[in-house]
There are 2 protein chains.
Amino acid sequence: MTELEQIKQDYVTQWGALGSQWGINRTMAMIHAHLLVSPTALTTDDLMEALSISRGNANTNLRELVSWGLIRSVVMRGERKDYYEAEKDVWKIFCIVARERKRRETEPASMVLQDCISRSKSIKSAEGKELHKQLTSLNEFVSLANNIMEKVSTKGDSTIIPKILKVLN
Amino acid sequence: MTELEQIKQDYVTQWGALGSQWGINRTMAMIHAHLLVSPTALTTDDLMEALSISRGNANTNLRELVSWGLIRSVVMRGERKDYYEAEKDVWKIFCIVARERKRRETEPASMVLQDCISRSKSIKSAEGKELHKQLTSLNEFVSLANNIMEKVSTKGDSTIIPKILKVLN
DNA sequence: TTGTATTTTCAGTAATTAATGAAAATTAAG
DNA sequence: CTTAATTTTCATTAATTACTGAAAATACAA
């Protein structure tokens, strides 16, 4: 194994280990990492061999990555196998992650809160009013995060971030 | 069970179910949700009873929530039991979440990338140069997210968010 | 200091998620 | 249309995470 291959393998392995901190499974993170640094689109067989995983596992996680929008299927003329490549533009990755975070985290949370807020609205007791107030306050935070991610993920302009950083400084 | 109690229970249960999407376990999310809407600080026994969980489970998750900074232990005069309360200021919650996301997600990811970037720097092949380039690009994205979360979590001023939203619009 | 209250720990169990590998289903080439 | 390549599915197993409950450790009151 060359130094290059060792570096690549370490990167993919460690990236995979971090996956579970991000709420995705290790294999999905490893596949993504591998495709991110691959100069060419790869087949299921390529990935099975590179990562020592089963065909079923590869298939499941490739489909999940496609649903995230982080990778796409590529048609290769003259080939019957599906090829996959990763989205490599870091700005686009950023938007995808923000969008998916919104979809999987802040939107469902806000829906739960809104339901409980509307149900608690008509409760007259002091305790009920306090619950209503607290849930409303919490929903403001969640909606705010939702709003920020919505805006970030729909901005087609990578110059937006320097502007945000300017405000922060 | 009153309507109020039903709403509270639904909120806690559903919040708990969302926890696994956020990378925390269901019980930890439920404890946090319960403390967030509790008018008073609560004991381990209170939580055990309210959420039907074991003492060991309660202890483990309370300690984890304390390490996140989302709850704190409260000294009650004349009481031997530990009481816990949640941080209820939504702006502070926002900062805590940003800080912990940074600590658990973007910082470790950036460390992995930086290590691999420095190791790939001396590789002369075209493939090595391409790997170096792609890892560097990816690290820019991760460092950017890191930077934003650093700034957000250390700003002691809740007026910063309207400014960010203004830039986004 | 003793006894009891309280918290923490941890061996073992339970629950959930991830993965395998072979069969079923689908697709494409001849 | 047939055959083979390829992908998807799914029953089962494996791995990982979460939880229990009792014992150990710690803290506090008398």
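Reminder, nothing fancy here: chain letters follow the sequence lines and each chain counts from 1. Atom set for the values below is all heavy atoms of this structure, side chains included, hydrogens, waters and symmetry mates excluded.
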*For B/Ser54 and A/Glu79, take the nucleotide of DNA chain D holding the closest heavy atom to each; which residue's nucleotide lies nearer the 5' end?*
A/Glu79

*For B/Asn57 and A/Arg63, take the nucleotide of DNA chain D holding the closest heavy atom to each; which residue's nucleotide lies nearer the 5' end?*
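Its nucleotide being nearer the 5' end, the pick is A/Arg63.
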
Starting at [atom1] of [X] and ending at [atom2] of [N], how long is that distance when rounded to a whole Å?
| X | N | atom1 | atom2 | answer |
| --- | --- | --- | --- | --- |
| B/Asp82 | D/dT26 | CG | P | 15 Å |
| A/Met76 | C/dA28 | CE | P | 16 Å |
| A/Leu62 | C/dA18 | CG | P | 16 Å |
| B/Asp45 | C/dT6 | CG | P | 8 Å |
| B/Asn59 | C/dT9 | CG | P | 7 Å |
| B/Arg55 | D/dA25 | CZ | P | 18 Å |
| B/Lys81 | D/dA29 | NZ | P | 14 Å |
| B/Leu51 | D/dA18 | CG | P | 16 Å |

Checking contacts here: which listed nucleotide ([options]) is nearest the side-chain heavy atoms of [X]?
| X | options | value |
| --- | --- | --- |
| B/Thr27 | C/dA18, D/dA18, D/dT7 | D/dA18 |
| B/Ile53 | D/dT20, D/dT8, C/dT7 | D/dT20 |
| B/Arg80 | D/dG21, D/dT6, C/dT6 | C/dT6 |

*Any side-chain N or O of B/Thr60 under 4.0 Å from OP1/OP2 of C/dT9?*
no

*Contact under 4.0 Å: B/Asn25 side-chain N or O vs D/dC19 OP1/OP2*: yes

Evaluate the side-chain proximity of [Y] to [X]: yes if any heavy-atom separation is below 4.5 Å, no if none is.
| X | Y | result |
| --- | --- | --- |
| A/Leu138 | B/Trp15 | yes |
| A/Glu127 | A/Glu130 | no |
| B/Tyr83 | B/Thr40 | no |

*asked:* What I want to check is whether the side chains of A/Asp10 and A/Gln6 have a donor and an acceptor closer together than 3.5 Å.
replied: yes

*asked:* Using a heavy-atom cut-off of 4.0 Å across all strands, would you classify A/Asn61 as base, sugar-phosphate, or nothing?
replied: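 Sugar-phosphate: the residue A/Asn61, judged by heavy atoms under 4.0 Å, touches backbone atoms but no base.
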
_B/Glu100 bridged to B/Arg103 by N-O distance under 4.0 Å_ = yes

*Hey, which sits more toward the 5' end of DNA chain C by its nearest nucleotide, B/Tyr84 or A/Ala58?*
B/Tyr84

